[in-house]
Amino acid sequence: MSKVKELAKMIDHSILHPTLTDDDLRRECEVAKKYDVASVCVKPYAVKMAAELLKGSDVLVGCVIGFPAGNSSVKVKVFEAEKACEDGAVEIDMVINIGKALQGDWEYIRNEIKSVTDVCHKHKAIVKVIFETDYVTREDDIVKLCRICTETGADYVKTSSGFGFVKQPNGDYNYAGATIPVLQLMKRSVGPLVRVKAAGGVRTLDQLIAVQEAGCSRSGATATAGILEDAMKRFGDA
């Protein structure tokens, strides 16, 4: 596999901003097909349309669940995941209940992840568990989440939703997203069958290569075209 193809197949092309319309979805699915990325990651209502737009391509359809804040009840997350699978999603990115993680209610978190994972696996879909590491910042908590994901059979651990904005001292809101130290910690802390996805802040070719070197198999991206155009310039057919 060429380096460009290898990098393209790391990318989950994110089509998640609240303002995006059906026309935007059509355009971004064309981008995903053009560059032959791993998947698109879309909002739940858009799954059916994305599956139709991508039919016949090698680009998979993914869907976010409990997005972006993770506050839905377990039953609602399970229902939302099942509906997405029935509509054509084969990859599910779920946000954990962040407050429950911060208070150390690990039994709740374990039940939540296992419940969503079980229903997705029933539909032959894979599960990526979003920790929101701009909020869940303690290393011990990240390690605990990695262990729970390993024990419950989740397929991926993932840093961020891309919408986990933190209020800064100047009053602005921003987020760090996927940082190399956190990705390396996650990679060290999961079992051999669990992969790592970077999300949030991967906007350049060098950043994509950096998260790959940190052990990631996938990365969310909106700047897909720019990243892969740069990859073609740098690597050509290498």
Side-chain angles (χ1 to χ4, degrees), residues 10-35 37-55 57-98 112-113 115-117 119-121 123-135 154-165 173 175 177-178 197-203 218-225 227:
M10 276 187 68
I11 292 177
D12 292 342
H13 185 55
S14 301
I15 314 174
L16 296 171
H17 197 277
T19 61
L20 295 177
T21 65
D22 289 352
D23 284 343
D24 295 318
L25 181 70
R26 290 185 189 93
R27 182 190 67 242
E28 295 305 322
C29 283
E30 286 303 312
V31 169
K33 282 198 287 189
K34 177 180 177 181
Y35 294 100
V37 298
S39 78
V40 294
C41 194
V42 304
K43 296 173 276 190
Y45 81 87
V47 170
K48 273 188 179 178
M49 188 172 167
E52 189 61 36
L53 289 167
L54 293 166
K55 190 183 289 182
S57 78
D58 288 330
V59 180
L60 304 173
V61 177
C63 178
V64 290
I65 298 298
F67 194 84
N71 291 324
S72 304
S73 70
V74 175
K75 282 187 176 179
V76 169
K77 287 182 182 177
V78 168
F79 175 81
E80 194 175 25
E82 186 150 48
K83 181 72 170 78
C85 291
E86 289 169 354
D87 285 349
V90 295
E91 303 199 344
I92 298 294
D93 293 40
M94 68 161 285
V95 186
I96 63 165
N97 186 308
I98 295 158
E112 175 179 67
I113 293 171
S115 297
V116 173
T117 297
V119 75
C120 291
H121 285 176
H123 287 276
K124 305 289 191 286
I126 69 168
V127 181
K128 304 171 202 150
V129 181
I130 301 171
F131 293 2
E132 204 66 274
T133 52
D134 279 87
Y135 297 153
D155 302 283
Y156 278 83
V157 292
K158 176 179 170 182
T159 52
S160 320
S161 66
F163 294 87
F165 296 105
Y173 283 84
Y175 67 93
K197 176 178 173 178
V202 180
R203 301 185 183 97
R218 292 281 189 91
S219 176
T222 54
T224 300
I227 291 170

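Hydrogens, waters and symmetry mates are skipped; everything else that's a heavy atom, side chains included, is used. Keep in mind that this is a model prediction, so the values were computed, not measured.
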Next on the checklist: Check this for me: F79, atom CZ, are more than 12 non-hydrogen atoms of other residues, nucleotides or ligands nearer than 6.0 Å?
Outcome noted: no
Next on the checklist: For K48, is the NZ atom crowded, meaning more than 12 foreign heavy atoms sit under 6.0 Å from it?
Outcome noted: no
Between [X] and [Y], which heavy-atom pair has the shortest distance, and what is it?
| X | Y | value |
| --- | --- | --- |
| I130 | S161 | CG2-N, 3.6 Å |
| A223 | R203 | CB-O, 3.6 Å |
| V95 | A69 | CG1-C, 4.0 Å |
| V116 | A81 | CG1-CB, 4.2 Å |
| A50 | L25 | N-CD2, 4.3 Å |
| A89 | C63 | CB-CB, 4.0 Å |

Checklist entry - Should E80 and K77 count as an ion pair when the cut-off is N to O under 4.0 Å? => result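 No, this pair does not count.
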Checklist entry - Are K33 and D58 ion-paired here, with the side-chain N under 4.0 Å from a carboxylate O? => result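 A salt bridge is absent here (no side-chain N lies under 4.0 Å from a carboxylate O).
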Checklist entry - Can the ring centroids of Y175 and F163 be said to lie less than 6.0 angstrom from one another? => result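 Not under 6.0 Å, so no.
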State, yes or no, whether a side-chain contact exists between [X] and [Y] at a heavy-atom distance under 4.5 Å.
| X | Y | value |
| --- | --- | --- |
| D12 | V40 | no |
| V157 | F131 | yes |
| I96 | E132 | no |

Checklist entry - Can you list the steps and then say if E86 with V47 is a side chain to side chain contact (heavy atoms under 4.5 Å, CB included)? => result CA-CA 9 Å; E86 289 169 354; V47 170; over 6 Å; no
[X] pairs by side chain to side chain contact (heavy atoms under 4.5 Å, CB included) with which of [options]?
| X | options | result |
| --- | --- | --- |
| S39 | L60, D93, I11 | L60 |
| M49 | L54, D87, D22 | D22 |
| E112 | V129, V78, V74 | V74 |

Next on the checklist: Before you tell me yes or no, could you show the steps for V90 and K124 under side chain to side chain contact (heavy atoms under 4.5 Å, CB included), namely the whole-Å CA-CA distance, both residues' side-chain angles and the distance that decides it to 0.1 Å?
Outcome noted: CA-CA 7 Å; V90 295; K124 305 289 191 286; over 6 Å; no
Rounded to the nearest 0.5 Å, how far does [atom2] of [Y] lie from [atom1] of [X]?
| X | Y | atom1 | atom2 | answer |
| --- | --- | --- | --- | --- |
| D155 | K128 | CG | NZ | 9.5 Å |
| M94 | T117 | CE | OG1 | 7.0 Å |
| I65 | E82 | CD1 | CD | 11.0 Å |
| T21 | R27 | OG1 | CZ | 7.5 Å |
| T222 | L16 | OG1 | CG | 9.5 Å |
| H121 | C85 | NE2 | SG | 9.5 Å |

Item to check | Sidechain-backbone polar pair: Y156 side chain, I126 backbone, donor-acceptor under 3.5 Å | outcome: no
Checklist entry - Is there a donor-acceptor pair under 3.5 Å between the side chain of S57 and the backbone N or O of V59? => result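 Yes, S57 side chain to V59 backbone: donor-acceptor pair under 3.5 Å.
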Checklist entry - Does any donor atom in the side chain of D24 or H17 lie under 3.5 Å from an acceptor atom in the other side chain? => result no
Checklist entry - Does the side chain of H13 come under 3.5 Å of the side chain of E28 through a donor N or O and an acceptor N or O? => result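 Looking only at side-chain atoms, E28 and H13 do form a donor-acceptor pair, the distance falling under 3.5 Å.
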Next on the checklist: Applying side chain to side chain contact (heavy atoms under 4.5 Å, CB included) to V64 and C41, what does each step give before you reach the verdict?
Outcome noted: CA-CA 7 Å; V64 290; C41 194; 3.7 Å; yes
Next on the checklist: One pair to check against salt bridge (charged side-chain N to carboxylate O under 4.0 Å, His left out): E91 and R218. What are the steps and the verdict?
Outcome noted: CA-CA 12 Å; E91 303 199 344; R218 292 281 189 91; 2.8 Å; yes
